Asks: 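Have a look at this one.
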Amino acid sequence: MTRYNPKEAEPKWQQRWADAGVFETANDPHKENYFVLEMFPYPSGRIHMGHVRNYAMGDVVARYKKARGFNVLHPMGWDAFGMPAENAAMQTGAHPREWTYANIEAMRTQLQGMGLAIDWAREFATSDPDYYLHEQRMFLAFWEAGFVERRESVVNWDPVDHTVLANEQVIDGKGWRSGAPVERRTLSQWFLKITDQAEDLLAALDDGRLAGWPDNVKLMQRNWIGKSKGCKLRFDFAGETELPAALADGLSVYTTRPDTLFGASFCGVAPDHSLAQHFAAQDPALAAFIQDCQAGGTSEEAIEKAEKKGYALPLQMAHPFNPARTLPVYVANFILMQYGTGAIFGCPAHDQRDLDFARKYDLGVTPVVLPPGTAPDAMTIEAEAYTGPGSLFNSDFLDGLTVEDGIVAAIARLEAAGQGEGHTNFRLRDWGVSRQRYWGCPIPAVHCDACGVVPVRAEDLPVTLPDVPASAFQVPGNPLDRADDWRLVPCPKCGKPARRETDTFDTFIDSSWYFARFTNPKADAPVDRVAADRWLPVDQYIGGIEHAILHLLYARYFTRCMKAIGLVDIDEPFANLFTQGMVTHATFQSADGEWLLPDDVVVDNGEAKDLATGRPVFVGAVEKMSKSKKNVVSPEVIAADYGVDAARWFVLSDSPPERDVEWTASGIDGAWRLMGRLWDSVSPHAGAFASFDPYTVPADLSDKDTALRRVTHGSIDAITSDIEHFRFNKAVARLYEFLGHLRKAGDVNAWARAEALSALARLIAPFIPHLAEECWEVLGGNGFVYEAAWPVADPDLLVSDQVSLPVQVNGKKRAMLTIAADLDKEGIEAAALADPAVIRHLEGKTIIKKVIVPGRIVNIVVK
RNA sequence: GCGGACGUGGCGGAAUUGGUAGACGCAACAGACUUAAAAUCUGUCGAGGGUAACCUCGUGGGGGUUCAAGUCCCCCCGUCCGCACCA
C-alpha cells in the first residue's frame with residue numbers, strides 16, 4: 001500500500017481538469033443556472049489563509065451544485081485599482097501597472113494551485129482598459145440619467161493618501177486605509193446620488209428581497225441608511241435683523257420631536273452653518289470658537305469627552321407657536337452640519353445633549369412630557385432628560401395628547417401656518433466618488449472654460465491612463481495633474497482648449513458591477529443583457545463581514561442604477577449572502593517585545609520557546625492573521641508540506657464558517673491524518689466498481705451489510721443537508737464518522753462496500769477534490785468525480801425498524817429501550833414499565849403521569 | 001449611550017429548535033507494534049462518590065414556566081461586533 005502523495009496527485013489532477021476544460025461554464029438549457037461568487041481579491045501579491053478559507057467555501061458550493069446538476073458559473077477576477085499599487089511605486093520605484101499585473105500573475109498561480117473549480121476563461125482585472133471602458137460608458141449613461149452630480153462640498157480629506165474619502169470610508173474619524181485623522185476640505189467633487197435610492201435600499205432589507213442575507217448585515221445597513229421621520233420647521237427672527245437676503249428667511253431646523261416645541265429654550269446651529277459663518281466674519285472671537293470646534297478630533301474618545309460648548313449669536317428667534325416668546329441662538333459644537341439642516345431647537349427637558357447644554361449656559365428647562373402615572377407638579381428634571389413616552393403638558397393646544405399624537409398635531413399646525421412640513425431624513429449621504437489618484441479609472445469628463453464640464457464623446461472612450469514614468473510617484477500629489485500631454489485636450493463640444501478631469505473613480509465603483517460583467521466578460525456593452533438575465537442575481541455571494549456596509553451597499557445601489565438604464569433586470573445583485581469568519585492564530589512575542597513568526601517558535605511541554613535561541617516566548621492573544629504581528633502561516637508553505645486539500649479541509653473544520661477559525665499546527669496535522677486514513681481505506685479496494693451495479697441491490701445482504709448501507713445513506717443525507725445550510729464544520733464531522741464506520745465495518749459484502757466507497761468519494765469531492773479524484777480513479781469510476789452526480793440517499797434506509805428510546809423517571813434518564821420503530825404508545829408504555837431499571841425507580845412510588853412521545857422520549861412522573 | 005450576537009469539558013465546537021448534554025476533531029493518558037523514537041493502530045477521557053451495577057451534581061449566576069430547559073420568560077454578570085454628539 002502506497003502513501004497518498006499530494007505533491008504528485010494535486011498538480012496531476014489540476015492539469016487533467018485544465019486539459020479537459022471541465023471548469024468551463026456550461027450553458028445546458030435543460031439545467032438550472034447557479035452563480036456562486038466569492039468577493040474578488042485585491043492583487044496584493046500573495047494569497048493568505050483568509051483567501052484560502054473564502055475560496056474553499058465557494059469551491060465547496062460550486063462543486064456541490066455542479067454535482068447536483070446545475071450549470072455553475074464560478075469566476076475569478078481582480079479588484080486591481082487602488083492605493084497599495086501607488087504606495088508600492090513610492091517605496092520600490094515600480095510602476096503601479098507593472099506591480100499590479102505581476103502580482104496578478106503570482107496570485108493566479110497560487111489560486112490555481114488550490115485546485116478551485118473556477119472558469120478562468122472569464123478572468124479580468126478592473127484595471128484592464130476593456131473593463132474600465134465599460135465602466136466609463138456606464139458612468140456617462142448614469143450622468144445622462146441624472147444619477148451623477150458635481151458639487152462643491154466639504155469633503156473628508158486623507159492627508160496621508162492625499163485623497164478624498166467617502167463617509168463610509170471614514171472610521172472613527174480616520175481614513176479606512178491610512179488610519180490618519182481625516183481633515184475637512186472644500187473641493188469640487190463628483191457624486192453619485194445614492195440618497196435618491198435610500199428609501200428603496202432600506203425597503204428591500206425588510207420586504208423579502210434580501211431574505212437570503214444575514215440579519216446582522218441587514219441591520220448594519222439599516223442603521224447606516226438611518227431613516228428618521230420628523231419635520232423641518234422655520235424659526236423666524238424676532239425683531240429687526242440686518243442679515244443678507246440669503247439668510248434673512250429665518251432658521252430652518254429638523255426635529256423628530258415637534259411635540260416638544262413648547263419646551264424649547266434655545267436654538268443651535270452647527271459651526272459650519274452659514275449663519276455662524278456670517279457672524280464669524282465680523283466677530284473674531286466667534287471665528288476662533290468655530291475654528292476650535294473644527295479642530296476638535298472626530299475620534300470616538302474626543303467626542304466622548306468633548307464638553308458641550310456654545311457661542312451666543314446676537315439674534316433672537318420667535319417661537320413658531322407663540323411669536324411673543326423668543327429664543328437665543330447659539331453656535332454649538334455638538335451640532336452636525338451634515339445631518340438634517342445643521343440647526344436644531346433645544347428642548348432640554350427631553351434631550352440629554354440639550355440638557356447638558358442648558359445647564360452650562362443657564363437656559364430654561366421646561367418639561368412638556370409627563371411620564372405615565374406622574375402628577376404634573378411632581379415632574380422635575382434634574383441631571384437626566386426624560387425621553388420616554390407620556391402625555392403632553394405645559395403645551396397649549398397639545399396638552400393631553402400622547403407623544404405620537406402630539407407629533408402629528410404639531411406638524412399639522414406647522415403645515416397650516418406655512419412654517420414647516422413633515423420630513424424624512426436619512427443619515428446616508430451621497431457617495432463622493434472622486435479620488436485624486438493615478439491608479440484608478442479615469443473619470444470621462446473634460447473641463448472647458450466655455451462649456452463647463454463636458455462628457456467625453458462615446459467614440460473617444462476609453463479614456464486610458466497615460467503612461468507616466470515610475471518616478472512620477474515619488475512626488476506628492478496626483479501624477480495625472482502633471483501629465484499635460486494627456487490632460488490638455490480640446491473640448492468635445494466646442495473644440496477650444498480644455499482640460500481633462502484628473503480625478504479617478506473610487507475603486508468601490510469597480511467592485512460595484514463586476515459580478516454582472518462576469519456573466520459575459522467579453523461583451524461589447526458593459527453588461528450583456530441576455531447573459532445577465534440568465535445568471536443574475538448571484539445565487540450565492542461569499543465574503544468578509546468587513547464589507548457589510550461599503551461594498552455591499554454600493555453594489556446594491558449600482559444595480560438599481562444599471563436597472564434604470566436597462567442593463568439588468570434585477571434590483572438586488574446578491575440573492576444569498578454568506579459572511580465568513582477570519583482565520584486567526586496565536587501571537588508570539590520574545591522577552592524584548594519582538595513579534596515572532598509561528599515557524600520560529602517551538603512548543604515543548606506547553607512551554608513556548610524561540611526555535612533559534614531557546615529562550616522563552618510569550619504566547620499572546622489569538623488574533624486575525626496579520627503581517628504586523630507576524631502571526632501568519634503561509635498557504636504556500638502549508639501546501640508544500642501537506643497539500644492544498646489538507647489546508648482546505650482544515651479551514652472548513654472545527655469552527656462554523658461564519659465564525660473565526662484558529663489555525664493550529666495540530667489542527668493541520670489532524671487534517672493530514674485524515675488524508676492518510678482515507679487513502680488507506682480506499683486504495684486496497686482498487687477496481688471495486690468493476691462489478692458494481694449501483695441500481696441492483698443484491699438480495700443476499702446480511703444485517704451487517706445493511707447496517708453499513710444505513711450508515712452510507714445516513715451520511716449522504718446529513719452531509720447534503722449540512723452543505724446546503726453552510727454547516728461545513730458539521731459536514732466534516734460527519735465525514736469523519738462515516739469513514740470511522742467504514743473502517744470498522746470489517747468483512748462486508750463487496751457490493752455494500754462499493755456503494756459506501758462510491759458515496760464517500762463523491763461526498764469528499766467538494767472539500768478535498770484532488771484526493772477524491774485519486775480515490776475515484778483507483779476505484780474505477782467513470783471520468784472525473786467532479787462530473788459525477790451527487791449521491792442520493794434512499795429514504796428507506798434513513799429509518800430503522802429498531803430504535804432506541806430513552807425512558808425518564810421524573811425527568812431523569814433511567815433506561816434505554818430498544819424497540820420496534822412502529823410500536824404504538826401502549827406497547828411503548830408496557831416496554832418502559834417492564835424495564836428493570838425503571839421498575840427499581842418506581843418502587844414505593846405512585847405514578848401520577850405518563851408522558852409518551854413516540855420516537856422521542858418516555859417520561860414517568862411519580863410521587 | 002443605542003442596536004445586535006453570544007456565554008456548553010483542558011481547547012475548537014455538536015445537540016434534529018422544548019425531549020438521551022458533550023457528536024466530530026484537537027490535546028492528554030494508557031496499551032499494541034518497535035532495540036528505541038516517529039508514524040500507525042486500540043482504548044480511556046465533564047466533576048464527585050462507589051470494587052462494581054450504579055448514584056449525585058453539571059451548559060456564566062439567580063429566579064420562573066413545563067412531565068421535561070443548554071434551548072422559552074424575568075433579573076443580574078461577562079465577552080464580542082456594529083453605530084455613535086443623528087436633533
Side-chain angles (χ1 to χ4, degrees), chain A residues 3 171-172 214-224 226-228 230 253-258 260 268 270 296 298 300 302-304 306-308 332-336 338-347 350-354 356-357 425-428 545-546 548-549 606 622 649-650 653-656 658-662 664-671 673-674 676-677 680 718 721 727 729-740 743-744 804-817 836-837 840 848-853 855-862:
Chain A
R3 252 179 114 84
I171 294 150
D172 293 342
D215 288 340
N216 62 336
V217 173
K218 287 194 277 191
L219 183 74
M220 282 158 73
Q221 293 213 348
R222 193 173 300 126
N223 291 340
W224 189 264
K227 179 176 181 173
S228 91
V253 306
Y254 174 75
T255 180
T256 55
R257 294 295 302 274
T260 64
T298 44
E300 198 177 328
I303 289 167
E304 200 72 39
E307 211 184 329
K308 305 280 176 283
N333 64 343
F334 66 92
I335 301 169
L336 305 172
Q338 311 92 308
Y339 189 79
T341 62
I344 63 158
F345 76 81
C347 176
H350 304 292
D351 183 287
Q352 192 59 46
R353 288 157 310 171
D354 296 349
D356 295 345
F357 191 82
N425 196 56
F426 292 93
R427 213 189 77 113
L428 182 70
I545 186 75
E546 67 273 20
I549 294 170
V622 175
W649 182 259
F650 177 55
S653 307
D654 293 345
S655 289
E658 69 276 12
R659 237 181 276 180
D660 293 349
V661 64
E662 185 190 351
T664 58
S666 54
I668 184 69
D669 280 335
R673 276 199 291 273
L674 174 97
R677 279 210 299 277
D680 292 348
S721 163
R727 296 186 294 233
N729 57 322
K730 285 176 68 181
V732 164
R734 307 260 196 205
L735 282 164
Y736 272 109
E737 282 182 277
F738 184 21
L739 182 63
R743 285 157 61 83
K744 284 177 192 164
S804 36
L805 192 70
V807 181
Q808 298 179 336
V809 177
N810 280 351
K812 283 183 181 147
K813 189 181 77 174
R814 295 302 181 190
M816 193 64 112
L817 303 176
R840 209 168 58 240
I848 44 179
K849 192 167 186 178
K850 286 174 272 196
V851 180
I852 296 160
V853 186
R856 281 284 157 88
I857 207 155
V858 174
N859 191 8
I860 298 165
V861 188
V862 298

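To find a chain, count down the sequence lines: A is the first, B the second, and so on, and within it residues start at 1. Computation of the quantities below employed the complete heavy-atom set of this structure, encompassing side-chain atoms and omitting hydrogens, waters and symmetry-equivalent molecules. This structure is a prediction, so every number in the text was calculated from the model and none was measured.
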Asks: What's the separation between atom CD1 in A:I857 and atom CG in A:L805, rounded to the nearest 0.5 Å?
Replies: 7.5 Å
Asks: With a non-hydrogen cut-off below 4.0 angstrom, is A:V853 in contact with a base, only sugar-phosphate, or nothing?
Replies: base
Asks: Determine the interatomic distance between P on B:rA37 and the same-named atom on B:rC29; round to the nearest Å.
Replies: 14 Å
Asks: When you check the phosphate oxygens OP1 and OP2 of B:rC41, does a side-chain N or O of A:R743 lie under 4.0 Å from one of them?
Replies: yes
Asks: What's A:T255 touching, base or sugar-phosphate or nothing? Going by heavy atoms closer than 4.0 Å.
Replies: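 Sugar-phosphate, backbone atoms only, no base.
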Asks: Which nucleotides of nucleotides 23-29 of chain B have their base under 4.0 Å from a protein heavy atom (B), which only their sugar-phosphate (S), and which neither (-), written as one string 5' to 3'?
Replies: BSSSS--
Asks: Taking O4'-C1'-N9-C4 for purines and O4'-C1'-N1-C2 for pyrimidines, is B:rG9 syn (within 90° of 0) or anti?
Replies: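 It is syn.
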Asks: How far does the P atom of B:rG13 sit from the matching atom of B:rG7, given to the nearest Å?
Replies: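 Nearest-Å result for B:rG13 against B:rG7 at atom P: 10 Å.
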Asks: How far, in whole Å, is B:rC72 from B:rU20 if one measures between their P atoms?
Replies: 15 Å
Asks: Taking protein heavy atoms under 4.0 Å as touching, what does nucleotides 47-58 of chain B look like 5' to 3' if B marks base contact, S marks sugar-phosphate-only contact and - marks none?
Replies: -------SSSS-
Asks: Please give the distance between the C1' atoms of B:rG70 and B:rA53 as a whole number of Å.
Replies: 30 Å
Asks: Which whole number of Å gives the distance between the C1' atom of B:rU71 and that of B:rG60?
Replies: 16 Å
Asks: Please work out if A:N859 contacts a base, only the sugar-phosphate, or nothing of the nucleic acid, heavy-atom cut-off 4.0 Å.
Replies: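 It contacts base atoms.
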Asks: Give a yes or no on whether A:D215 atom CG has more than 12 heavy-atom contacts from other residues, nucleotides or ligands under 6.0 Å away.
Replies: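 Check fails, neighbour count at 12 or below.
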Asks: In terms of side-chain heavy atoms, does A:R727 have a donor or acceptor partner in A:S721 at a distance below 3.5 Å?
Replies: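 A pair is found: one side chain offers a donor N or O, the other an acceptor, under 3.5 Å apart.
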Asks: Considering only the C1' atoms, how many Å lie between B:rA15 and B:rA52, rounded to the nearest integer?
Replies: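 My reading of the C1' atoms in B:rA15 and B:rA52 gives 31 Å.
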Asks: What interatomic distance, in whole Å, is found between C1' of B:rA5 and the corresponding atom of B:rC41?
Replies: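 Comparing C1' positions in B:rC41 and B:rA5 gives a spacing of 43 Å.
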Asks: Do A:K308 side-chain and B:rC85 base share a donor-acceptor contact under 3.5 Å?
Replies: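 A donor-acceptor contact between them is present.
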Asks: Of the listed nucleotides (B:rU16, B:rA14, B:rU20), which one gets closest to any side-chain atom of A:R856?
Replies: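 Within the option list, the nearest is B:rU16.
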Asks: Taking atom P in both B:rG48 and B:rC11, compute the distance separating them and give it to the nearest angstrom.
Replies: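 Per the computed distance, 15 Å lies between those P atoms.
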Asks: Strictly below 4.0 Å: does A:Y254 bring a side-chain N or O up to OP1 or OP2 of B:rA87?
Replies: no
